[in-house]
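Let me begin by presenting the structure, written as structure tokens, before commenting on it.
Along the sequence shown, residues are numbered consecutively beginning with 1. In this text the structure is predicted, and so the values were computed from the model without any measurement.
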Amino acid sequence: MDDDAWLTDLLRRRFDAAAAQELAARLARQVPDVDAGGLTTRALTEALDEVWERGWQPADVAHAARRDATAGSVPLVVALIGAHARRTEAERRAPAAWVEQLRDLGALDAGDGDVLPEWQRAQRRPPAEAWRIVLQLAGVLRGAARIEVLVPPPSRWGPAPSEPAAPSAPGEERALRRIRGLLAKAESTEFAEEAEALTAKAQELMTRHAVDAALLDPGARPAGAGVDTRRVHVADPYVRAKMQLLAAVAEANDVRLVWYQGLGIANLVGGRADLDAVELLFTSLLLQVAQALGAAERRDARAAGSRTFRRAFLLGYGQRVGERLQTARRDATAAAAAETGVDLLPVLRDRREAVDAALAELFPRVRAGRSRSSVDAGGWYAGRSAAERADVGTRRSPLT
């Protein structure tokens with residue numbers, strides 16, 4: 001086997017961290033030029049092309065690199081994604097959701113030089129360290145599981161510019177700005193009670209906006225119109241507990257969730273504005289629960305640093321927050337019905353049915369699951385107590 005074939009074969013394998021480090025040290029001595037003849041870049045590019053065909057999107061790949069390879073691999077994979085975007089004219093041809101992810105990653109700003117050498121110079125990686133990162137990233141890309149294709153991959157892009165995404169209605173933009181403002185206040189306050197009250201107000205506003213949107217055009221659009229999908233990436237640790245918090249937020253807003261165990265990736269299906277609001281609220285709650293958990297550990301030194309306590313705290317917090325959000329939703333819906341004199345149940349039921357139909361089409365093999373593992377009782381009740389302090393559902397946020 002010649003040197004190129006030997007190296008190409010290595011880049012098709014998966015190595016754990018210890019094996020990658022040992023092999024990288026040997027490669028640094030034998031092949032100090034990490035991208036001699038562009039072979040390594042070609043191998044990584046080929047692996048990336050295969051990943052797109054398995055249903056992965058740019059943000060998914062960056063998430064997997066950070067989670068399963070090393071944080072040091074993220075700038076490299078973003079540079080590779082940027083090179084792919086330039087080669088395929090993604091900014092002009094790709095679906096709007098794909099282009100938005102490229103912008104969020106900064107992949108559209110990547111340089112025009114040779115990807116791997118440019119990354120190695122910019123990150124100041126010696127050969128052994130660069131090889132270790134390359135081997136781990138190659139393994140992640142080659143081993144990526146097949147998932148649902150929610151956005152057409154590059155092989156399905158047409159030559160003509162893709163149609164721009166439908167612009168948000170002015171009412172949606174205003175509502176999202178107000179929700180974002182409420183959540184920013186919730187994140188900045190040092191008082192748990194105030195944070196949770198502001199979060200409850202955000203949920204009430206989310207509900208009222210959904211009701212108002214349904215009343216504007218009930219039944220006029222075909223089933224499924226306005227239903228979209230989005231992926232949310234959840235980082236370690238305690239991914240399952242965080243997913244349950246996301247599920248609680250999604251359920252309170254008629255958004256459906258399907259998640260891939262072992263990947264830390266959740267798929268959300270719902271109205272476009274609802275998806276925006278759910279993602280905002282979930283991100284805010286992650287910050288809030290981290291603050292609440294830190295306060296709980298300071299009060300109970302025995303709990304500090306305990307993984308079982310932290311996991312149970314997150315689960316208890318998520319369950320109670322979900323109950324509070326549902327209460328806020330019911331109260332806001334009842335108030336809107338009283339103001340308008342309209343029976344909202346049929347209208348909202350139609351929206352839910354459209355979302356459920358889209359879910360069944362996108363994920364025909366999905367099955368419901370539930371956690372049966374035991375949890376630390378002290379952490380569970382501490383988490384519920386932290387979520388209990390807000391006067392959820394009894395305060396109305398102004399809508400004007």
Side-chain angles (χ1 to χ4, degrees), residues 150 166 168-169 171-176 178-180 182-183 199-232 243-259 266-285 318-340 342-363 366 368-370 392-393 396-397 399:
L150 302 183
S168 298
E172 290 182 359
E173 289 291 348
R174 285 195 299 272
L176 289 173
R178 300 199 53 221
I179 292 166
R180 192 176 286 112
L182 287 169
L183 296 178
T199 302
K201 288 183 179 182
Q203 176 60 58
E204 291 177 9
L205 183 56
M206 289 160 64
T207 300
R208 184 56 188 262
H209 175 65
V211 167
D212 289 346
L215 287 173
L216 284 176
D217 198 14
R221 291 183 297 177
V227 176
D228 207 346
T229 63
R230 184 168 309 170
R231 283 185 177 146
V232 174
M243 283 289 184
Q244 292 194 23
L245 176 60
L246 176 57
V249 177
E251 185 178 357
N253 291 280
D254 285 338
V255 170
R256 303 294 177 257
L257 180 149
V258 176
W259 72 290
N267 300 278
L268 300 180
V269 182
R272 294 187 185 97
D274 297 332
L275 294 177
D276 289 336
V278 166
E279 192 171 5
L280 280 172
L281 182 51
F282 173 63
T283 302
S284 176
L285 284 170
Q319 186 195 59
R320 190 55 185 150
V321 160
E323 294 168 359
R324 295 284 182 167
L325 295 179
Q326 291 284 4
T327 298
R329 176 183 174 83
R330 286 194 298 270
D331 289 351
T333 303
E339 288 177 13
T340 61
V342 175
D343 181 4
L344 297 174
L345 294 181
V347 177
L348 297 177
R349 184 176 62 245
D350 288 346
R351 288 166 59 89
R352 284 192 292 270
E353 288 176 352
V355 172
D356 289 340
L359 179 74
E361 181 179 355
L362 291 167
F363 301 94
V366 71
R370 57 185 301 177
V392 178
R396 294 287 310 285
S397 57
L399 300 171

- Message: I'd like to check the side-chain hydrogen bond (donor to acceptor under 3.5 Å, both in side chains) partners of Arg329; sequence neighbours left out, ordered by chain and number.
- Response: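 Partners of Arg329 by the side-chain hydrogen bond (donor to acceptor under 3.5 Å, both in side chains) criterion, ordered by chain and then number, come out as Asp254.
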- Task: Return the set of residues passing side-chain hydrogen bond (donor to acceptor under 3.5 Å, both in side chains) with Arg349 (not counting sequence neighbours), or none when no residue passes.
- Result: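 Arg349 satisfies side-chain hydrogen bond (donor to acceptor under 3.5 Å, both in side chains) with no residue once adjacent residues are dropped.
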- Item | Side chains of Thr199 and Leu285 in contact at under 4.5 Å (non-hydrogen atoms) |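 A side-chain contact under 4.5 Å exists here.
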Indicate the atoms forming the closest heavy-atom contact of [X] with [Y], along with that distance.
{"X": "Ala358", "Y": "Val227", "answer": "CB-CG1, 3.6 Å"}
{"X": "Val278", "Y": "Asn253", "answer": "CG2-CB, 3.8 Å"}
{"X": "Leu344", "Y": "Ala336", "answer": "CD1-CB, 4.0 Å"}
{"X": "Leu325", "Y": "Ala248", "answer": "CD1-O, 4.5 Å"}
{"X": "Gly270", "Y": "Val255", "answer": "CA-CG2, 4.3 Å"}
{"X": "Ala252", "Y": "Gln203", "answer": "O-NE2, 3.8 Å"}

- Is Glu323 salt-bridged to Arg320, going by a charged N under 4.0 Å from an acidic O?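 Answer for the salt bridge query: yes.
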- Query: About how many Å separate CG of Leu150 and CG of Leu268, when rounded to the nearest 0.5 Å?
  - Reply: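 Rounded to the nearest 0.5 Å, the CG-CG separation comes to 10.5 Å.
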- Hey, what do you get for CG (Asp276) to CG (Leu281), rounding to the nearest 0.5 Å?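 Between Asp276 CG and Leu281 CG, I get 12.5 Å after rounding to 0.5 Å.
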- Item | Identified side-chain contact (heavy atoms from CB on, under 4.5 Å) counterpart of Thr229 within the set Val258, Leu362, Leu275 |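 The option that passes is Leu362.
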- Task: Please determine which of Val269, Leu246, Leu359 meets the side-chain contact (heavy atoms from CB on, under 4.5 Å) test together with Leu257.
- Result: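 That would be Leu246.
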- Step through the shown structure and confirm whether more than 12 heavy atoms of other residues, nucleotides or ligands are within 6.0 Å of CD on Gln326.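 More than 12 within 6.0 Å, yes.
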- Message: If you count every heavy atom of other residues, nucleotides or ligands that lies below 6.0 Å from Glu361 atom CD, does the total exceed 12?
- Response: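 Atom CD in Glu361 is not crowded, with 12 or fewer foreign heavy atoms closer than 6.0 Å.
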- Output, in order, the C-alpha distance, side-chain angles, deciding distance and verdict of side-chain contact (heavy atoms from CB on, under 4.5 Å) for Arg256 and Arg352. CA-CA 9 Å; Arg256 303 294 177 257; Arg352 284 192 292 270; 3.9 Å; yes
- Might you work through the side-chain contact (heavy atoms from CB on, under 4.5 Å) test for Thr333 and Arg330, ending with a clear yes or no? CA-CA 5 Å; Thr333 303; Arg330 286 194 298 270; 5.8 Å; no
- Determine whether the side chains of Thr283 and Glu279 contain a donor N or O and an acceptor N or O closer than 3.5 Å.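 There is no such pair (donor and acceptor under 3.5 Å, judged by atom type) between the side chains of Thr283 and Glu279.
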